[in-house]
*Asks:* 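Can you keep this structure in mind? I'll have questions shortly.
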Amino acid sequence: IVLYDLQSQQLRGILPFEEGIPEVLRFSRNGALLLAGGGRAAVHGQVVVWDIKTGRRIFEVGDELDAVLAADISSDQRWIALGGPPKVVRIYSTETGELTHELRKHTDWILALEFSPDGVLLATGDRAGNLFVWEAWTGREDLTLSGHSAAVTAVSWRADSNLLASASEDGTTRLWEMEN
């Protein structure tokens, strides 16, 4: 994983991802951490987090039997969620590294997930077009959002956590208002 400083356009560093191919890269909301999820298809998957200033690995979570295709770290940096071909979203504590929740409602590979900026919700989307919103701290399903007819490939929250955008291979981008 190669890091560049966008202002100076200088190389900042290279972070080795020995676990395989990085499928997802995410900066923490405060920009201090970089998360990479990936692995080797049908062999192993993991999420690694680095401190951007030092380049030091600060934790690793997951011991998946397939590559991680979607991952995110909560804004308070207490939780990491990951998903992929096993159709299960796993949420880990960054304090202990322990698995805290397994969310088992998806019917196909999980391709997209993201914590809301306030850390209250987690949105997850899969290859079958399913899109769910969960309570991040309990793992309880909050909403099922129906409307996509193909794979949900991206989700993103508005800064106030009240609006979710989802993109799909069906050619649509949808906006979902959380209050109603």
*Asks:* Do Ser168 side-chain atoms and Gly171 backbone N/O form a donor-acceptor pair below 3.5 Å?
*Replies:*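 No, the answer is negative, given that no donor and acceptor are paired below the 3.5 Å cut-off.
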*Asks:* Verify the neighbour count for atom CG of Leu6: are there more than 12 heavy atoms of other residues, nucleotides or ligands below 6.0 Å?
*Replies:*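 Not more than 12 within 6.0 Å, no.
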*Asks:* For the side chain of Asp170 and the backbone of Ser149, is there at least one donor-acceptor N/O pair under 3.5 Å apart?
*Replies:*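 Present.
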*Asks:* As an exercise, state the distance from CZ of Arg12 to CD1 of Ile52, rounded to the nearest 0.5 Å.
*Replies:*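 Between atom CZ of Arg12 and atom CD1 of Ile52 there are 8.0 Å.
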*Asks:* Hey, does Glu141 have a side-chain heavy atom less than 4.5 Å from the side chain of Val133?
*Replies:*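 Contact flag for Val133/Glu141 side chains = no.
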*Asks:* Ignoring hydrogens, what is the shortest heavy-atom contact between Pro117 and Ser161? Give both atom names and the distance.
*Replies:*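 Closest approach of Pro117 to Ser161: CD-OG, 3.1 Å.
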*Asks:* Examine distances only and state if a side-chain atom of His44 and a backbone atom of Asp63 form a donor-acceptor pair shorter than 3.5 Å.
*Replies:*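 Side chain of His44 to backbone of Asp63, a donor-acceptor pair under 3.5 Å: no, none is there.
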*Asks:* According to salt bridge (charged side-chain N to carboxylate O under 4.0 Å, His left out), who are the partners of Glu19, at least two apart in sequence or on a separate chain?
*Replies:*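 So Glu19 forms a salt bridge (charged side-chain N to carboxylate O under 4.0 Å, His left out) with Arg57.
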*Asks:* Could you check whether any side-chain heavy atom of Leu113 comes within less than 4.5 Å of a side-chain heavy atom of Trp134, counting everything from C-beta outward?
*Replies:*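 Leu113 vs Trp134: side chains apart.
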*Asks:* Any side-chain heavy atom of Leu121 within less than 4.5 Å of one from Asp142?
*Replies:*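 Yes, close enough: below the 4.5 Å cut-off.
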*Asks:* Any chance you could lay out the salt bridge (Lys or Arg N to Asp or Glu O under 4.0 Å) test for Arg158 and Asp160, step after step, and finish with the verdict?
*Replies:* CA-CA 6 Å; Arg158 190 170 67 185; Asp160 66 5; 2.9 Å; yes
*Asks:* I'd like to check Leu131 versus Val155 (side-chain heavy atoms, cut-off strictly below 4.5 Å). Are they in contact?
*Replies:*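 Leu131 reaches Val155 side chain to side chain.
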*Asks:* Decide yes or no for Val49 and Glu60: does some side-chain heavy atom of the first lie under 4.5 Å from some side-chain heavy atom of the second?
*Replies:*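 The answer is no, as the side chains (C-beta and beyond) never meet within the 4.5 Å cut-off.
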*Asks:* Counting heavy atoms not belonging to Ile58, are there more than 12 under 6.0 Å from its CD1?
*Replies:*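 Yes - once you tally the heavy atoms of other residues, nucleotides and ligands closer than 6.0 Å, there are more than 12.
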*Asks:* Within the side chain of Thr100, is there an N or O that forms a donor-acceptor pair under 3.5 Å with the backbone of Ser93?
*Replies:*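 Checked: no pair found.
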*Asks:* I need the minimum non-hydrogen distance between Leu25 and Ala36, along with the two atoms involved.
*Replies:*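 For Leu25 and Ala36, the tightest heavy-atom pair comes out as CD2-CB, 3.6 Å.
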*Asks:* Quick check: does any side chain N or O of Trp157 sit under 3.5 Å from a backbone N or O of Glu114, one acting as donor and the other as acceptor?
*Replies:*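 Such a contact is found between Trp157 side chain and Glu114 backbone.
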*Asks:* Could you check whether atom CD1 of Ile21 has more than 12 heavy atoms from other residues, nucleotides or ligands sitting under 6.0 Å from it?
*Replies:*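 No - once you tally the heavy atoms of other residues, nucleotides and ligands closer than 6.0 Å, there are 12 at most.
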*Asks:* Tell me whether Asp126 contacts the main-chain N or O of Ile110 through its side chain, where contact means a donor paired with an acceptor under 3.5 Å.
*Replies:*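 Flag not set: sc Asp126 to bb Ile110 has no pair under 3.5 Å.
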*Asks:* Is the number of heavy atoms from other residues, nucleotides or ligands within 6.0 Å of CD (Glu18) greater than 12?
*Replies:*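 Above 12, so yes.
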*Asks:* Tell me whether Leu99 is reachable from Leu103 by hopping between hydrophobic residues (I, L, V, M, F, W, Y) whose side-chain heavy atoms are closer than 4.5 Å.
*Replies:*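 Leu103 and Leu99: separate clusters.
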*Asks:* Name all residues meeting the side-chain contact (heavy atoms from CB on, under 4.5 Å) criterion together with Val88; count only those two or more places apart in sequence or in a different chain, and write none if there are none.
*Replies:*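 So Val88 forms a side-chain contact (heavy atoms from CB on, under 4.5 Å) with Arg90, Glu102, Arg104.
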*Asks:* Quick one: do Val47 and Trp79 end up in the same hydrophobic cluster if we chain Ile, Leu, Val, Met, Phe, Trp and Tyr together by side-chain heavy atoms under 4.5 Å apart?
*Replies:*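 Different clusters: Val47 never reaches Trp79 through Ile, Leu, Val, Met, Phe, Trp or Tyr contacts under 4.5 Å.
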*Asks:* With the side chain counted from C-beta on, respond yes when Ile1 and Ile14 share a heavy-atom pair under 4.5 Å apart, and no when they do not.
*Replies:*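 With C-beta onward as the side chain, the pair stays apart.
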*Asks:* Any donor and acceptor pair, going by atom type alone, linking the side chain of Thr138 with main-chain N or O of Arg140 inside 3.5 Å?
*Replies:*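 Here the side-chain-to-backbone pair exists.
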*Asks:* Is the shortest heavy-atom distance from the side chain of Phe59 to the side chain of Val48 under 4.5 Å?
*Replies:*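 SC-SC contact between Phe59 and Val48 ruled out.
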*Asks:* Would the distance check show the side chain of Glu177 and the main-chain N or O of Glu179 forming a donor-acceptor pair, the cut-off being under 3.5 Å?
*Replies:*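 Indeed, once roles are kept as given, a pair shorter than 3.5 Å links the two residues.
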*Asks:* Between Trp176 and Ser166, do the side chains contain a donor N or O and an acceptor N or O under 3.5 Å apart?
*Replies:*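 Side-chain D/A pair, Ser166 to Trp176: present.
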*Asks:* Between Ser75 and Asp118, do the side chains contain a donor N or O and an acceptor N or O under 3.5 Å apart?
*Replies:*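 Asp118 vs Ser75: no donor-acceptor pair found between side chains.
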*Asks:* Indicate yes or no: does Arg26 engage Asp72 in a salt bridge with an N to O separation below 4.0 Å.
*Replies:*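 Judged by the 4.0 Å cut-off on N to carboxylate O distance, Arg26 and Asp72 do form a salt bridge.
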*Asks:* Would a single hydrophobic cluster contain both Leu35 and Leu111, if residues Ile, Leu, Val, Met, Phe, Trp and Tyr are joined by side-chain heavy-atom contacts under 4.5 Å?
*Replies:*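 No, Leu111 does not connect to Leu35 through the hydrophobic network.
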